[in-house]
Structures are given as C-alpha cells and as structure tokens.
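Here's the structure we're looking at; comments come further down.
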Amino acid sequence: MPITDSILNLLDIKDPNLTITDVFEKIIRNTRTKIIQAKLSYQPGRCPNCGFSDSIKYGFKQVSVKLVSLTALACLMHLKKQRFLCHQCETTYFAQSPFLLCFNSSFSKPLCERIIELSFDSLTLKEISKLTGVSTSATNRIAYPARVIQKTPELPENLSFDEFSSRHNQYAFMAINAVTHKLVTLLPARTKMTITNYFWNHYSLEQRQAVKTVTVDMNAAYASFIYQIFPNALVIIDRFHIVQLLQTAFKDTRVATLKRLPNHHSRQYKSLKTHWRLFNKTENQLDAQHIKYYRGLNEFTTQQNIVSLGLEDQPTLTAVYMVYQTLLEALQNRDFKTFETTVHQYQRTNTTMDTAIRTLKKNLNGIQNAMLYPYSNGPIEGLNRKIKTLKRICYGFRNIDHFFTRIERLLA
C-alpha cells in the first residue's frame, strides 16, 4: 500500500480521486500544525447547472480543510480542488468529495462526526474544542443543530415520570419507558398544561388507552391529571419515596426529642445522636446477640440495646418508631393489608408523622399498586443523576435546546 493511501486510511478518507502530495509541519498562530497538501481531480461528468456533458478542466482552487488530529497537533489540509468549465452554460464548478461536509465547508466530515460523538459524553464545549482543534463557536454550530421535539413511534405500556432542575429554578419534565429505561420525551416545563398538551397532540386516544401503568413520586400534581391523559393507566407510587417520607418523619421526631433532653451528655442522648442509623433499620436487621464496642457511648453493647436505650421513657418517639417499623416491614413484605390497617388506625402524636400519614392516606391506591407491580422510579432517578452531572460539569446551559440536545445524546 502506498504511503499516501496509508495516510488517507488513517484520516478516514476513502476518496480515490484525492491524492496527497506533501506533509509538513508549520507554526500557525503560535500553534504547531500538521499541513497535508493534497489534490482533488477527476474527469468531468455532467454539468450540475445545465446537465450537459461538455465540461473541461479549468485550473485549480486551493481551500483549507480541518481534519481530525492523529496526534496532539492540529491537522490542516491544503486541498487543490479541480475547477471545471462548461461550454454550454459557460459556468464553472468545482470537484466535490464525499468526505467534505458540504459545499464551501472548512471542516471534514470525519471531524464533524468526531465532534458530535464527543457531545454524547459529559464534556464541555471547551473540552471538545481542545480535543478536536476547532473553535468553540464552530463546535457549538456543529454539535447543536436545530432541535425538534421527537416522539417515540409507539407509546410504551409502562411509563415513569420525573422532573429535574433545568435552569433558573425552573423544572423540566422527563418520561421514560419503565421496562427498557429508554427516554420517551423531554419537556421544558412540568406543568399540567405542558404535559397534557404534549401527549394529547402527539398520541391518539387509542395509543394512550394502551398505557397500563405510570410510576411517579408523591408529587400530587401528577396523580391529579394522569387519568385524563391515560384513562386506563394505574398510578404507581415509587417505593423509595414512601420509605423516604417515613424516614424523614421519624428523623424529625428524633431530632425534636434530642432537643428536649436536658442532659446532652447522657447515654440516651448519645445513642439517639451518634447511632441514628440503627433507628432507621428494620427491627429484624438489628443484632441482639453480638456485643461490640460502640464509640460515642464508649461501652460494649448490642444494637438492640442501643435502640431500646434511645426509646426509653420517650412515649411519643416510641409510638412514632413503632408506626415507622410496622409500615416499613409491611412495605418490604408487600403486605398491603397491614399497611392500610396501620395507616387507618394511626393515633395523632403531634409530630411530622401526622403529615406523613395524611399523605399516605391520599396515595393508598398508588401504594397498593407499588406492592403489586415491580416497576419503580429507580431507573429514571439514575438518568436524573447523569443529567445533574452533565449540568455541573458544563456549569449550566443558557440555551435550553442545547441542554436537551446533550441530554438526549447522553441518554441515547
């Protein structure tokens, strides 16, 4: 294989009409740059203006084309393009190559593909610009074409809804397939009007009636209009958010108890303050046999003894703890009957657990579905984490369309 063909192969240029004449290095704007001199020529065919086959070669025109760098140095091609003259319409035109992006473009097609490929990762425009040797403004033009809201050809039977912070304290809406975890849509707002208009305008009633389940968190707004969009869908409350609600209510009660204790050096205070993680565990996970040394208390004891010490002579905290444990165990065992009975028989304690129980009462149907179906918002929360990482690395996005373009590529 000739050396020129090897260079073209390394540059991912598969045009037989292009030949390399020289390769050298040059300083351009205080930057070391590899210069590749090449010539593009072939026998003229039909004129693109008039369609007649009456053209002749009519000199060359040199253009500069930026290429993908093979090393850390910038790579530039000085390309002599063959000029043709048509005797019929007396116009001139130039030889074209499929590796060039378009007419009069200064970027090669492999370079543009490389920029778009890097935009699928969590990289800033400046980092992509440094890796490709292209200016930030040019990288922005190539990486962010005009965005059009796309819809999936078929609406999945099982959906997951969630929101994420987009910019300036605004929240955007995201929906994914609960089974395949593929992105369904991104919307710039999480309002009822935005979401309902999207699904009503993009999907027929028959397609929306085929949706079986929609998994959401405890955002009351979603549950209020999901049935308007998907008449036959069941609302599933994410199990993680149920546990989070109960843990937050118990934590607030525990902290309030700590503040009321007169002696902040007592064993009870230390057990509630230092070993709070033991109180969040289910009772069947507490070790009541093995004695270990626990810092904070500075004594040898068991996990069960620490929990008992913290609840001693604290009737309100004990009542909240027992409700928390009963609901947590019922949720883990998918025992909805026990869960429902505990919620309805709950006695007010004048703590934040009262608010949590009222929220659970309003969402009992969704909680029952959560115990019957395996779907959760775990996958969409994982995608949300990727979005937050992208936003943090790129220091935010001023253009919401650019932000959504990067998200769609990141989650593709």
Fill in: ring pair (Phe, Tyr, Trp, His ring centres under 6.0 Å) between F84 and Y42, intermediate numbers included
CA-CA 10 Å; F84 301 108; Y42 51 82; 5.6 Å; yes
Review point. Checking ring pair (Phe, Tyr, Trp, His ring centres under 6.0 Å) for the pair Y171/F164: CA distance, chi angles, key distance, verdict?
Key: CA-CA 5 Å; Y171 283 84; F164 61 92; 8.6 Å; no
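Residues T302 and D287 have side chains that never bring a donor and an acceptor to within less than 3.5 angstrom of each other. Side chain to side chain, Y346 and T349 meet the donor-acceptor criterion of an N or O pair below 3.5 Å. At a cut-off of 3.5 Å, with distance as the only test, a side-chain donor of T191 or T194 sits close to an acceptor on the other residue. A donor and an acceptor atom, one from each side chain of R254 and T257, are nowhere located under 3.5 Å apart. Side chains of S41 and K81: no donor on one and acceptor on the other come within 3.5 Å. No hydrogens or angles considered: a donor-acceptor pair under 3.5 Å links the side chains of N177 and T180. Side chains of D238 and T215: no donor on one and acceptor on the other come within 3.5 Å.
Residues L360 and K362 form no side-chain contact, since every pair of their non-hydrogen atoms from C-beta on lies 4.5 Å or further apart. The side-chain heavy atoms of H344 and L364, taken from C-beta on, include a pair separated by under 4.5 Å. Two residues are said to be in side-chain contact when any heavy atoms from C-beta on lie closer than 4.5 Å; N384 and I380 fail this criterion.
Ring pair F250/Y321 is tilted by interplanar angle, where 30° to 60° counts as tilted.
For F300 and Y294, the ring centers sit 6.0 Å or farther from each other. Aromatic pair F397/H402: centroids not less than 6.0 angstrom apart.
Formation of a donor-acceptor pair under 3.5 Å by the Q314 side chain with backbone atoms of L311 is not found in this model.
E117 and R114 are joined by a salt bridge, as a carboxylate oxygen and a charged side-chain nitrogen come within less than 4.0 angstrom of each other.
To the nearest 0.5 Å, atom CG of residue L159 and atom CZ of residue F199 are 6.0 Å apart. Distance check, rounded to the nearest 0.5 Å: CD1 of I236 to OG1 of T213 gives 4.5 Å.
Both tests do not hold together for K34 against F24: distance to the six-membered ring centre under 6.0 Å, angle to the ring axis within 45°.
Residues A143 and T405 share a closest heavy-atom pair of O-CG2, 4.2 Å. Smallest separation of non-hydrogen atoms from D121 and R406: O-NH2, 2.7 Å.
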